[in-house]
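One structure is given here, and the rest of the page talks about it.
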Amino acid sequence: MTHRVGSLSAIEILDSRSRPTLAVSLALEGAAPVTAGVPSGASTGTREAVELRDGDKGRYGGLGVTQAVGNVNGELAEALLGRAFADLGELDRVLIELDGTATKSRLGANAIVGVSMAAARAFAQAQGVPLWRYLTPAGVAARLPVPHFNVVNGGAHAANNLDFQEFMIAPLGAPSLAEAVRAGAEIYAKLRALLAGAGHAVGLGDEGGFAPRIDTPEDVLALLVRAIEDAGYRPGRDGVAIALDPAASEFHRDGVYRVAGQELSSDEMIERYARMVERFPVYSIEDGLAEDDWDGWSRLNARLGERVQLVGDDILVTNPAIVAEAIAKKVANAALIKVNQIGTVSETLETMRLCREAGWAAMVSHRSGETPDDFIADLAVGTGCGQLKTGAPARGERVAKYNRLITIEADTPDLPYGLR
Ligand code: PGA
Ligand code: ZN
């Protein structure tokens, strides 16, 4: 059965960092419109699909998205309106071909991904199934992902001196999604008390984590272990583990990693991670090395890949061709998944398929700039990948995703919880 696109439009709205982004609305003929809010990153990989920004300094400091909005209302609407599609894959192919560039820079990845996300919702609605079920590939079992709560923010996401961008707590051992969310919120509360007690400011970074003036990553890790214990949970894989996203491309310059006043080579960085993994319950490291340090990544994977999940974000940018190359070269064992890095939902699903078939893990992710759109919660559940990171258990645009997971679990109690 095919469906015709009945309406398509976009407007310029704000994201959680007060920057313009798109809200895209799409209806299949005979159905009510559904909408999508487009996310936007700050520590972006250089090979990501390209966001179209107006560049008019007199409006939003150049960050306006009126051209991208115009492309949805103009060229994209003209191409889709009245046209019949069997599924999302067919529609996404039209978007990719119409844009015609490898990086979606002509029409804008922000315009295209908004249309793709709204279309996925519209097809799910047409089939009368929840979005996560529409996104479940044949032969894959849906599951509720482990939430990765980013409770301490640094790097490009906060105004402190902490070089590592994200410190996450992951309740791997929780008996259910709802209990995992409870653990996250209780540990977050204990962490706030510990920080305040030590005289630190408890202001929040872009993803809702605290942004204290602590410079050394190991000091933050020690604090997290205390917060986990104070809240009554067991630190480690059978309880609450820790995941890092240093976002190392941001502190790598001229072949040197600059961490807490030290200058480290790739191999010194790897040994530093090896010691962290010995001392603390760190089970996952994302972007431990920079996106242009593929040789370093290979050595990191050889050194720690058996014991630790090594997730590529900036280095892989959810791009199926790059992920295929990285799988062949054994540079990591997991991929971070962000729909706007590649620009369509179908290509995102393709990247996740490559990960599954290679035995790699995949972690679905928000961006640091978000809207209340909860699409990624359904994406994580539907693909059964077992992992979602979407910030702290605080700030509405982050909590929206966790609350969507809670709702899915309440509606579908048979879904299993946990890592794949
Ligand atoms: P970004 O950060 O959305 O600013 O790119 C998120 C991440 O690095 O995972
Ligand atoms: Zn990252």
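Keep in mind the model is a prediction, meaning the values are calculated, not measured.
Between the CD1 atom of I285 and the CD1 atom of I270 there is a distance of 10.0 Å, given to the nearest 0.5 Å. Distance CG/N110 to CG/N71: 9.0 Å, rounded to 0.5 Å. Atoms CD and CG, from Q165 and L244 in turn, are 11.5 Å apart once rounded to the nearest 0.5 Å. Between atom CG of residue L172 and atom CG of residue D238 there is a gap of 9.0 Å, rounded to the nearest 0.5 Å. In this structure, CG on L63 lies 10.5 Å from CG on D56, to the nearest 0.5 angstrom. In this structure, the separation between CD on E357 and CH2 on W360 is 14.0 Å, given to the nearest 0.5 Å.
A salt bridge links E166 to K389: at least one charged side-chain nitrogen sits closer than 4.0 Å to a carboxylate oxygen. Using a cut-off of 4.0 Å between Lys/Arg side-chain N and Asp/Glu carboxylate O, R303 and E271 are scored as salt-bridged. Using a 4.0 Å cut-off between a side-chain N of Lys or Arg and a carboxylate O of Asp or Glu, R275 and E278 do not qualify as a salt bridge. Comment: R182 engages E179 in a salt bridge, judged by a side-chain N to carboxylate O separation of less than 4.0 angstrom. Taking a cutoff of 4.0 Å between a charged side-chain nitrogen and a carboxylate oxygen, R106 and E75 qualify as a salt bridge.
D54 places a side-chain N or O within donor-acceptor distance of the main-chain N or O of Q67, the cut-off being under 3.5 Å. Judged by distance alone, the side chain of T383 and the main-chain N or O of L379 form a donor-acceptor pair under 3.5 Å. Between the side chain of E409 and the backbone N or O of L177 there is at least one donor-acceptor pair closer than 3.5 Å. Between the N333 side chain and the V308 main chain, a donor and an acceptor come within less than 3.5 Å of each other. Between the side chain of S16 and the backbone N or O of E370, at least one donor-acceptor pair lies under 3.5 Å. Checking side-chain atoms of N73 against main-chain N and O of A10 turns up a donor-acceptor pair under 3.5 Å. Put simply, the side chain of E207 never gets that close to the backbone of N150: no donor and acceptor are under 3.5 Å apart. Although no hydrogens or angles enter the test, the distance criterion places a donor-acceptor pair under 3.5 Å between the side chain of D15 and the main chain of R17. R53 contributes a side-chain N or O that, together with a main-chain N or O of P20, makes up a donor-acceptor pair within less than 3.5 Å. In this structure, the side chain of R4 engages the main chain of G82 through a donor-acceptor pair within 3.5 Å.
In this structure the side chain of P39 never reaches within 4.5 angstrom of the side chain of F375, judged on heavy atoms. Between V381 and P145, some side-chain heavy-atom pair lies under the 4.5 Å cut-off. Side-chain contact between N153 and F210: absent, with no pair of heavy atoms (C-beta onward) separated by less than 4.5 Å. Two residues are said to be in side-chain contact when any heavy atoms from C-beta on lie closer than 4.5 Å; E347 and S116 fail this criterion. Looking at L107 and L95, their side chains never come closer than 4.5 Å, going by heavy atoms from C-beta outward. A 4.5 Å side-chain heavy-atom check between L224 and F167 finds at least one atom pair inside the cut-off.
Residues in residues 22-37 take part in no salt bridge (charged side-chain N to carboxylate O under 4.0 Å, His left out) pair, two or more places apart or across chains.
Between the side chains of Q341 and D313, a donor-acceptor pair is found at a separation under 3.5 Å. A side-chain donor-acceptor contact under 3.5 Å links D92 and S346. In summary, the side chains of R367 and N340 do present a donor paired with an acceptor at a separation below 3.5 Å, with no hydrogens or angles considered. Checking D206 against S368 by side-chain atom types alone, no donor-acceptor pair falls below 3.5 Å. When only modelled atom types and interatomic distance are considered, Y233 and E186 share a side-chain donor-acceptor pair under 3.5 Å.
When ring centroids are compared, H3 and F85 stay outside the 6.0 Å threshold. Taking the six-membered ring for Trp and the full ring otherwise, F149 and Y402 have centroids separated by under 6.0 Å.
With T318 as the fixed residue, the side chain to side chain contact (heavy atoms under 4.5 Å, CB included) test singles out one of V339, I337, V323: I337. For the pairing with D373, the salt bridge (charged side-chain N to carboxylate O under 4.0 Å, His left out) check across K401, R404, R121 returns one residue only, R121.
At most 12 heavy atoms of other shown residues, nucleotides or ligands fall within 6.0 angstrom of atom CD in E306.
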For this session: Start with the C-alpha distance between V5 and L91, add both sets of side-chain angles, then the distance that settles side chain to side chain contact (heavy atoms under 4.5 Å, CB included), and finish with yes or no.
Result: CA-CA 10 Å; V5 177; L91 189 145; 4.1 Å; yes

For this session: Show your reasoning for whether side chain to side chain contact (heavy atoms under 4.5 Å, CB included) applies to V50 and K104.
Result: CA-CA 6 Å; V50 175; K104 302 183 177 67; over 6 Å; no

For this session: For the pair N319 and T351, evaluate side chain to side chain contact (heavy atoms under 4.5 Å, CB included) and give the outcome as yes or no after the intermediate values.
Result: CA-CA 6 Å; N319 185 307; T351 297; 5.8 Å; no

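Ring-plane geometry between H252 and Y257 is classed as tilted, the angle between the planes lying from 30 to 60 degrees on a 0 to 90 degree scale.
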